[in-house]
J.: 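I'd like to ask some things about the structure below.
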Amino acid sequence: MVTEDVVEEHNGVYGGKWHIVSPEGFDLPEGLEYLKNSWEGDEDCGDYRYLPTLRVSGLSLNTAIERLNDIFGLRNEILRLEMLNCTEANAEFSFRGIAVRKSVELNIHNCVLTFSMLRDIVLEVCHENTIVDLSGNIFKKRGNDGSYLDELEHISEKNWHSDVKVLNLMDCNFNDKEKDLLRNKLKSYPLKL
């Protein structure tokens, strides 16, 4: 019988990515160095040597966003943010903050999200041509979802989401009726559903 070796993912920078799988990983010196080295120049003038990719997995959404906001409150780099298999946030959780604003590509997969989080993410995007890929998630239904969808529709009508290049909601737990509702409410978004 042949067995395959299992390689555990650890906090660290490898494969051109900063991987964070525990709260201690947010303070890795090599991770902060990886961010720092992506930028060449001073605050007013400079160039990106590479777009840093940061992958957070297996943590609660609350912890992840809180710690990311702490890191990027003091840093100027933009990044590609991946959040995978993160545990559900508490009911009061807001997906607002510096980490989302610093992302030019936001990939969140295999997590439990809400329409309020979707609203927060769309409002926080501030880089031209940002890719928002929320495919493969579970959207938890709540009684006030209609108000968040109305807000998204209002944002859509006012074209306040023009920085979003792609809004991918494919392979989520939406039934056909919910997909039709989303297409109607988000009709001016670059939506993949």
Side-chain angles (χ1 to χ4, degrees), residues 13 15-20 26 31-57 61 64-84 86 93-109 111 113-137 139 148-172 179 182-193:
V13 179
K17 253 180 217 187
W18 180 6
H19 292 252
I20 298 175
F26 287 93
L32 296 173
E33 194 68 20
Y34 170 63
L35 289 177
K36 180 181 170 190
N37 289 336
S38 69
W39 175 257
E40 206 167 58
D42 59 27
E43 286 187 23
D44 299 321
C45 184
D47 291 308
Y48 283 94
R49 298 169 62 204
Y50 55 85
L51 180 63
T53 300
L54 199 154
R55 173 182 280 177
V56 179
S57 56
L61 286 171
I65 291 297
E66 179 182 302
R67 298 295 298 271
L68 287 168
N69 286 339
D70 289 346
I71 290 171
F72 289 102
L74 305 171
R75 309 192 68 83
N76 293 317
E77 298 89 359
I78 59 171
L79 73 148
R80 180 183 295 122
L81 178 58
E82 299 175 0
M83 301 182 81
L84 308 170
C86 289
F93 175 69
S94 173
F95 226 113
R96 295 188 181 195
I98 299 161
V100 175
R101 289 194 294 273
K102 297 280 185 174
S103 300
V104 295
E105 188 174 320
L106 180 62
N107 299 287
I108 303 174
H109 307 295
C111 299
L113 303 177
T114 63
F115 286 118
S116 68
M117 292 177 194
L118 175 60
R119 186 252 350 243
D120 292 347
I121 289 168
V122 170
L123 283 173
E124 290 295 293
V125 167
C126 66
H127 289 283
E128 187 178 347
N129 293 322
T130 299
I131 295 169
V132 179
D133 185 350
L134 305 178
S135 61
N137 290 300
F139 274 80
Y148 296 120
L149 287 171
D150 289 344
E151 283 183 62
L152 284 164
E153 183 177 35
H154 182 69
I155 295 165
S156 176
E157 289 169 352
K158 298 294 184 186
N159 205 28
W160 291 339
H161 63 286
S162 59
D163 292 333
V164 178
K165 179 180 178 180
V166 175
L167 177 57
N168 186 349
L169 295 173
M170 295 177 70
D171 302 320
C172 294
K179 286 180 181 179
L182 286 166
R183 283 186 190 102
N184 183 45
K185 294 283 187 181
L186 308 177
K187 58 185 160 241
S188 73
Y189 286 80
L191 185 63
K192 287 185 177 183
L193 191 58

J.: Are Leu54 and Ile71 packed together at the side-chain level, in the sense that at least one heavy-atom pair is separated by less than 4.5 angstrom?
T.: no
J.: Between CZ of Arg96 and CG of Leu123, what distance do you get to the nearest 0.5 Å?
T.: 5.5 Å
J.: Give, for atom NE2 of His19 and atom CZ of Arg55, the distance between the pair rounded to the nearest 0.5 Å.
T.: 5.5 Å
J.: Within this structure, what is the CZ-CG distance for the pair Phe95 and Leu106, rounded to the nearest 0.5 Å?
T.: 6.0 Å
J.: Are any non-hydrogen side-chain atoms of Asn107 and Arg80 less than 4.5 angstrom apart?
T.: yes
J.: For Leu152 versus Tyr189, what's the shortest heavy-atom pair and its separation?
T.: O-OH, 3.1 Å
J.: With a 4.5 Å limit on heavy-atom distance, are the side chains of Asn76 and Lys102 in contact?
T.: yes
J.: Can you tell if the side chain of Val164 reaches within under 4.5 Å of the side chain of Pro190, non-hydrogen atoms only?
T.: yes
J.: Determine whether Leu61 and Phe93 satisfy the following criterion, side-chain contact (heavy atoms from CB on, under 4.5 Å), listing intermediate values before the conclusion.
T.: CA-CA 8 Å; Leu61 286 171; Phe93 175 69; 4.2 Å; yes
J.: Would you say the side-chain atoms of Arg49 pair up with the backbone N or O of Asn37, donor to acceptor, closer than 3.5 Å?
T.: yes
J.: Can you give me the closest heavy-atom contact between Val100 and Val125, atom names plus distance?
T.: CG1-N, 4.5 Å
J.: For Lys165 and Ile131, which heavy atoms make the closest approach, and how far apart are they?
T.: CD-CG1, 4.4 Å
J.: Closest heavy-atom contact between Glu82 and Thr53?
T.: OE2-CG2, 3.6 Å
J.: Rounded to the nearest 0.5 Å, how far does CG of Leu149 lie from CG of Leu186?
T.: 7.0 Å
J.: Please give me the minimum heavy-atom distance between Ser116 and Tyr148, naming the atom from each residue.
T.: CB-CZ, 3.4 Å
J.: Heavy atoms, side chains only, cut-off 4.5 Å: are Val104 and Asn129 in contact?
T.: no
J.: Just verifying a value: how many Å separate Leu182 CG and Leu167 CG, rounded to the nearest 0.5 Å?
T.: 9.0 Å
J.: Output, in order, the C-alpha distance, side-chain angles, deciding distance and verdict of side-chain contact (heavy atoms from CB on, under 4.5 Å) for Leu169 and Leu191.
T.: CA-CA 7 Å; Leu169 295 173; Leu191 185 63; 3.8 Å; yes
J.: Checking the side chain of His109 only, and the main-chain atoms of Ser135 only, is there a donor and an acceptor separated by less than 3.5 Å?
T.: yes
J.: Sub-3.5 Å donor-acceptor pair from the side chain of Tyr34 to the main-chain atoms of Gly16, do we have one?
T.: yes
J.: Would you say Asn69's side chain and Ala99's backbone share a donor-acceptor pair under 3.5 angstrom?
T.: yes
J.: Is there side-chain contact between Phe72 and Leu35, with heavy atoms separated by less than 4.5 Å?
T.: yes
J.: Measuring from Ile65:CD1 to Leu81:CG, what's the distance to the nearest 0.5 Å?
T.: 6.5 Å
J.: Testing the basics here: between Cys86 and Cys111, what is the closest heavy-atom pair and its distance to 0.1 Å?
T.: N-SG, 3.3 Å
